[in-house]
Amino acid sequence: MNKAAEVLAASRKVSRPTTLEFIDRLCEEFIELHGDRYFADDPAMVGGIGRFCGRPVTLIGVQKGHTTEENIRRNFGSPNPEGYRKQLRLMKQAEKFHRPVITFINTSGAYCGIGAEERGQGEAIARCLFETATLKTPVISIFIGEGGSGGALALACGDRVWMLQNGMYAVLSPEGFASILWRSPTRAAEAAELMKITAPDLLKNGVIEKLIPEPREGLDRNLDFTTNILKEELKKELDILCAMDPDQLLEERYARFRKYGDFQEDESEKI
């Protein structure tokens, strides 16, 4: 098995710590908030207000489970439109009260069921992207596990995007990539290597800014090792971002994501 395939397997491990476990380790207190004020509450997306190192923050993330029963309740970490609308509601609330936002990403993608499409899954994700781009409060996005497609991207438009050592991020699953390219999902390991989905590859290519180490014995066996590092990094970064003027914050966020779409203008077309 190649390195990318090993990372993919680690990111999907059922015992991998969840968003709520990270929040519990990072915050002195946390109050979960529910509902999107349109349709329902989505257990696959959790969020609320916490106190991090004495600072009020808004925390939002995709929630998976460790057992079959938990995963069924959490829809296996695949949010419906109401999950993304809850995310957006909490982000706008954070902006109103000048709280920084921390997001945690661990999803194979948004739920693609008929009901989700009927309730506007694509629009809900697009609205999160649109609104986050101009949110006048700092946003730090952290991949704690799997990051798949637009379901992950909706939470990943932060001023800083970080990833745990065994996290991954891709436009679609390696199985989907292999099915399209070779018409064989059995070549997923090969696809994972080609897709450059791992944290070192994403760091090298400028998709993320920071790689957070995991313990050798496994994240599920020593979560404190990683959360202690993450706490120190978050504290330093929030001090920097919260001291910035909102206009400067938005300019730098725009520049961060605009660089992916930049192209060199043909000299021959200049006047």
Side-chain angles (χ1 to χ4, degrees), residues 19 32-49 58-64 71-97 99-161 168-173 175-177 179-180 207 246 249-250 253-261:
T19 289
E32 186 176 352
L33 302 176
H34 299 271
D36 66 344
R37 302 299 187 266
Y38 288 97
F39 180 73
D41 184 54
D42 184 358
M45 186 77 77
V46 297
I49 305 167
T58 290
L59 305 111
I60 307 166
V62 179
Q63 179 71 10
K64 291 184 178 181
N71 271 314
I72 290 172
R73 177 171 176 260
R74 301 289 182 178
N75 205 31
F76 292 85
S78 291
N80 278 279
E82 45 272 22
Y84 293 105
R85 291 180 176 128
K86 175 165 66 173
Q87 171 198 333
L88 181 57
R89 179 174 76 84
L90 296 180
M91 283 184 154
K92 297 300 287 185
Q93 182 193 76
E95 179 183 52
K96 178 179 179 180
F97 293 102
R99 290 192 300 266
V101 176
I102 304 171
T103 68
F104 301 90
I105 304 153
N106 185 17
T107 180
S108 60
Y111 186 57
C112 55
I114 293 174
E117 296 299 329
E118 289 175 341
R119 298 193 300 278
Q121 183 73 285
E123 188 276 339
I125 293 172
R127 179 63 59 180
C128 284
L129 301 178
F130 178 82
E131 295 287 354
T132 306
T134 56
L135 199 72
K136 293 181 179 179
T137 197
V139 181
I140 297 179
S141 304
I142 307 167
F143 285 87
I144 61 172
E146 191 176 10
S149 194
L153 182 61
L155 288 149
C157 291
D159 302 288
R160 304 287 185 269
V161 181
M168 59 79 68
Y169 189 21
V171 67
L172 79 168
S173 70
E175 291 84 358
F177 181 100
S179 296
I180 293 169
V207 178
L249 190 73
L250 293 183
R253 188 185 304 158
Y254 175 84
R256 184 195 187 280
F257 289 97
R258 186 64 180 88
K259 69 182 178 184
Y260 303 120

Looking at [X] and [Y], what are the two nearest heavy atoms and their distance?
X: Tyr111; Y: Ser78; answer: CB-O, 3.5 Å
X: Ala152; Y: Phe143; answer: CB-CE2, 4.2 Å
X: Cys112; Y: Glu117; answer: CA-OE2, 4.2 Å
X: Pro81; Y: Ala116; answer: CG-O, 3.2 Å
X: Asn106; Y: Glu146; answer: OD1-N, 2.9 Å
X: Asn80; Y: Arg119; answer: OD1-NH2, 3.2 Å

What distance separates [X] [atom1] from [Y] [atom2], expressed to the nearest 0.5 Å?
X: Thr19; Y: Leu59; atom1: OG1; atom2: CG; value: 9.5 Å
X: Ile60; Y: Arg89; atom1: CD1; atom2: CZ; value: 10.0 Å
X: Leu129; Y: Leu153; atom1: CG; atom2: CG; value: 5.0 Å
X: Ile142; Y: Arg160; atom1: CD1; atom2: CZ; value: 13.0 Å
X: Gln121; Y: Ile125; atom1: CD; atom2: CD1; value: 4.5 Å

With Val101 as reference, evaluate Met91, Gln93, Gln87, Glu95 under the side-chain contact (heavy atoms from CB on, under 4.5 Å) test and give the passing residue.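 The residue from Met91, Gln93, Gln87, Glu95 that satisfies side-chain contact (heavy atoms from CB on, under 4.5 Å) with Val101 turns out to be Met91.
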Could you tell me whether the side chain of [Y] reaches within less than 4.5 Å of the side chain of [X], counting heavy atoms only?
X: Pro79; Y: Val62; answer: yes
X: Glu82; Y: Tyr38; answer: no
X: Cys128; Y: Leu88; answer: yes
X: Phe76; Y: Ser108; answer: no
X: Pro138; Y: Leu249; answer: yes

CA sep, side-chain torsions, deciding dist, call: Val171, Phe177, side-chain contact (heavy atoms from CB on, under 4.5 Å): CA-CA 9 Å; Val171 67; Phe177 181 100; over 6 Å; no
Going through the distances and angles, do Leu250 and Lys136 end up as a side-chain contact (heavy atoms from CB on, under 4.5 Å)? CA-CA 7 Å; Leu250 293 183; Lys136 293 181 179 179; 3.9 Å; yes
Between Arg85 and Glu123, does at least one N-O distance fall below 4.0 Å, as a salt bridge requires?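 The answer is yes: the pair qualifies as a salt bridge.
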Is it true that Lys86 and Asp41 make a salt bridge, defined as a side-chain N closer than 4.0 Å to a carboxylate O?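 Salt bridge between Lys86 and Asp41, a charged N being under 4.0 Å from a carboxylate O: yes.
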Given Ile49 and Leu33, is the side-chain contact (heavy atoms from CB on, under 4.5 Å) satisfied, shown in steps? CA-CA 8 Å; Ile49 305 167; Leu33 302 176; 4.1 Å; yes
Are the side chain of [X] and the backbone N or O of [Y] linked by a donor-acceptor pair below 3.5 Å?
X: Thr132; Y: Cys157; result: no
X: Tyr84; Y: Met45; result: no
X: Thr107; Y: Gly77; result: yes
X: Asp159; Y: Val139; result: yes
X: Ser149; Y: Leu172; result: no

Trace of the side-chain contact (heavy atoms from CB on, under 4.5 Å) decision for Phe104 with Gln63: CA-CA 9 Å; Phe104 301 90; Gln63 179 71 10; over 6 Å; no
Does Lys92 have more than 12 heavy atoms from other residues, nucleotides or ligands lying within 6.0 Å of its NZ?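 Yes, enclosed.
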